[in-house]
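First the structure, in the form of structure tokens, and then the observations on it.
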Amino acid sequence: MRTRFAPSPTGDLHIGGLRTALFQWAFARANGGQLVLRIEDTDRERYVEGAVEVIAEGLRWLGVDWDEGPGAGGPHAPYVQSERLDRYHAVAAELRARGRAYRCFCSPERLARLRADQRAGGEPGGYDGRCAAIPEAGAEARARTEPSVVRFRMDRAGTTTLDDLVRGRVAFENALQDDFVLLKADGFPTYHLAMLADDHEMEITHVIRAEEWLASAPRHLQLYEAMGWPAPRFAHIPLIVDGAGRKLSKREGDVGVLSFRDRGYLPEAMLNFLAFLGWSLDDRTSHITREEFARVFTLDRVVPNPAAFDVERLDALNGHYIRALPPGRWRELAGEWIERGLPADVPRPLDSALLDALAPLLQERVARLDELPGLVRFLFGEAPEYPAALLAERIGGDAALAARALDAAIAAVEGVAPGEWGPVPVEAALRSLQDALGLKLRKFVSVLYVAVMGAPRGIPLFDSAALLGRERTLARLRAARAKLA
RNA sequence: GGCGCGUUCGUCUAGAGGCCCAGGACGCCGCCCUUUCAAGGCGGAGAUCGCGGGUUCGAAUCCCGCACGCGCUACCA
């Protein structure tokens, strides 16, 4: 079994495109088949330089590898459509020889007018076939001096039926079809022609693509029939939609795959998120490894209805996989993100021992890697800025209590000798405040969190203070106390 | 407008006539644990299965109609 991922190099690899690729890849792997990566760059207007590399990087990030295509080679190279133009022309010529395609000289203006008129008149729409009757010989002569396209002559009788692997049987009334363009005026093929020629030559057996292609399936089916080629099986997988139920678009925030990577999402989290968008294993599995997914994936467990992109779910998954990371790997990752995310004025390299101590404290506190720098920022450079009111925020705004807690804390911390500074003595000192204030630690500890790190939440206080050092801890406690004076 | 697809907790989904007064996950709420926040543990609320008709002893599951949503309707993919 052979399937393919055929993106257009028009910019970032879209999250929806990645999901399609993931399903294609899993299908190929689960069936011992191959995945072909093919670049569909037939639209010169939308071509974006460097997009191919961005797409490949996105796929590699997720662990979607391809057997043939750019970077992998293969018996059907080249895998870039702009380098395969001769084949499309050959197929178009064959179609014309068979009387199934013809030259069309209608101008873009006439076509626009035609569409407008049809719309105004409430008519079906589609090309009206004006050039369909032009004799081949005359058309050839005209084509030498006049711009033209080549259109496919659709069979308008009966119905075209698709047996979709996800949706079952779908029938299309042929009378409603029109003669679509195969070859554009610039000599480039449209998607329909290029897909046909390449899928056939590359021996693709399963075309797995997004639902937006469903409506053009009859064109493809008739094209295969006209060429006398066996058609592949088709599986139209559901769209990924936004909160409003619309096809996910770039306007809905950044949906580029690499931007997710750069915001600190783990590939295993993304894979899980995408895998279960429109597919499921059974009634209880909600996490799956890349390997298992590639083993158990089947198209018959893909649902036909669209799925909403839910960031909260992605974040939850990401947190889950972050916590599941082995300590060593986590230390390495956290170190990179912190090193990279801290302000430029923080001297590098960062203290390795400090990062060693920090890593375990951070692992279960973030959902995304890009949250890391913010959590440890207080350890580097100047004392954090925060409004005085924040000190008493978690204790019902009781500034007097905050002041007493700070006074007691300062005294207690001063009591810890510089030589024995560490998390355990700090904890002992701070716990002694319970007696001094006659309150449970938790009743006032938020004041100290704010004083030390500038926020009532963050990594554990005793460790924070230990890592900060005696003098800086004292300075921050005193600065906090001064804010309340 | 036309054609096509879709419709189960807020979200992703399980469900292919009785196991379902609908299961799991995320989110939400509560409790426990606890130095904050998380994490973790326990518990809870949450879908009359879009609506209306059928078929059947019995329907989320089969049939018909309707509604709504989305997709396509390019010399874009």
Side-chain angles (χ1 to χ4, degrees), chain A residues 6-8 10 40-43 45-46 104 106-108 111-112 115 118-127 147-151 164 166-167 170-173 176-178 180-186 188-192 194-195 209-218 236 238-239 241 243-247 273 276-287 301 303-317 319-320 323 361-367 375 394 427 430-431 440-442 444-450 453 455-464:
Chain A
S8 291
T10 55
E40 310 224 321
D41 59 343
T42 56
D43 184 351
E45 315 257 300
R46 298 203 305 157
C104 169
C106 293
S107 68
L111 295 176
R115 262 195 298 277
Q118 287 167 334
R119 181 128 194 118
E123 292 161 53
Y127 182 59
S148 67
V149 300
V150 172
R151 286 182 185 273
D164 192 87
V166 170
R167 285 150 219 284
V170 183
F172 300 87
E173 199 73 46
L176 268 9
Q177 297 293 327
D178 74 332
F180 59 94
V181 174
L182 249 21
L183 234 31
K184 307 180 212 175
D186 64 5
F188 275 65
T190 57
Y191 166 82
H192 311 295
M195 174 226 74
R209 56 177 20 171
E211 192 198 335
E212 54 192 324
W213 293 105
L214 186 58
S216 59
H236 289 92
L239 251 23
V241 299
R246 305 246 165 69
K247 191 163 83 168
F273 178 70
F276 291 104
L277 234 41
W279 175 87
S280 64
L281 211 214
D282 50 37
D283 64 340
R284 54 194 62 259
T285 305
S286 48
H287 296 282
R301 291 203 61 85
V303 295
N305 46 299
F309 182 93
D310 178 8
V311 189
E312 285 192 347
R313 186 184 186 71
L314 212 208
D315 284 347
L317 243 15
H320 173 88
R323 274 168 256 133
L361 303 174
L362 296 165
Q363 190 160 13
E364 58 191 29
R365 291 188 165 74
V366 295
L375 275 174
R394 291 282 176 94
E427 172 165 7
L430 260 16
R431 280 201 186 282
K440 288 282 195 185
L441 190 56
R442 38 195 300 227
F444 59 85
V445 76
S446 70
V447 177
L448 308 180
Y449 272 85
V450 175
M453 55 186 117
R457 38 173 306 173
I459 59 179
L461 181 65
F462 310 143
D463 298 282
S464 301

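Here is the naming used below: chain letters follow the sequence lines, and residue numbers restart at 1 for every chain.
- Under the Watson-Crick or G-U wobble criterion, with both distances below 3.5 Å, B/C70 is paired with B/G4.
- In this structure, B/A59 makes no Watson-Crick or G-U wobble pair, since no nucleotide meets both defining distances under 3.5 angstrom.
- With a 3.5 Å ceiling on both atom-pair distances, B/G17 lacks any Watson-Crick or G-U wobble partner.
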Protein heavy-atom contacts under 4.0 Å, written 5' to 3' over nucleotides 13-27 of chain B as B (base), S (sugar-phosphate only) or - (none), form the string SSS-------BSBSS
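- Using N1 to N3 plus N6-O4 or O6-N4 for Watson-Crick, or N1-O2 and O6-N3 for G-U wobble, each under 3.5 Å, B/C37 pairs with nothing.
- Spacing between atom CD1 of A/I459 and atom C1' of B/C37 amounts to 11 Å, rounded to whole angstrom units.
- Counting any heavy atom pair closer than 4.0 Å across all strands shown, A/P189 reaches sugar-phosphate atoms only and no base atom.
- Listed candidates were B/A77, B/U36, B/G4. Nearest to the side chain of A/E211 is B/G4.
- Residue-level contact check: A/V445 touches the backbone only, with heavy atoms under 4.0 Å from sugar-phosphate atoms and none from bases.
- Contacts of A/L441 with the nucleic acid, taken as non-hydrogen atoms under 4.0 Å apart, involve only primed sugar atoms and P, OP1 or OP2.
- For a distance-only test at 3.5 Å, the side chain of A/R246 fails to qualify as a donor-acceptor partner of the base of B/C70.
- Here A/A217 lies out of heavy-atom contact (under 4.0 Å) with every strand.
- The CZ-P distance, from A/R209 to B/C5, rounds to 15 Å in whole Å.
- Nucleotide B/G43 is matched to B/C29 when pairs are restricted to Watson-Crick or G-U wobble geometry with both distances under 3.5 angstrom.
- The closest side-chain heavy-atom distance from A/H236 to A/V170 is not below 4.5 Å.
- For A/K247, taking side-chain heavy atoms from C-beta onward, the closest of the listed nucleotides B/U35, B/C72, B/C75 is B/C72.
- The gap from the C1' atom of B/U8 to that of B/G4 amounts to 23 Å, rounded to the nearest Å.
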Tabulate protein N/O versus nucleotide N/O from nucleotides 46-48 of chain B, keeping only pairs under 3.5 Å, one per line.
none

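- Per the geometry, CZ belonging to A/R365 stands 10 Å off P belonging to B/U36, to the nearest Å.
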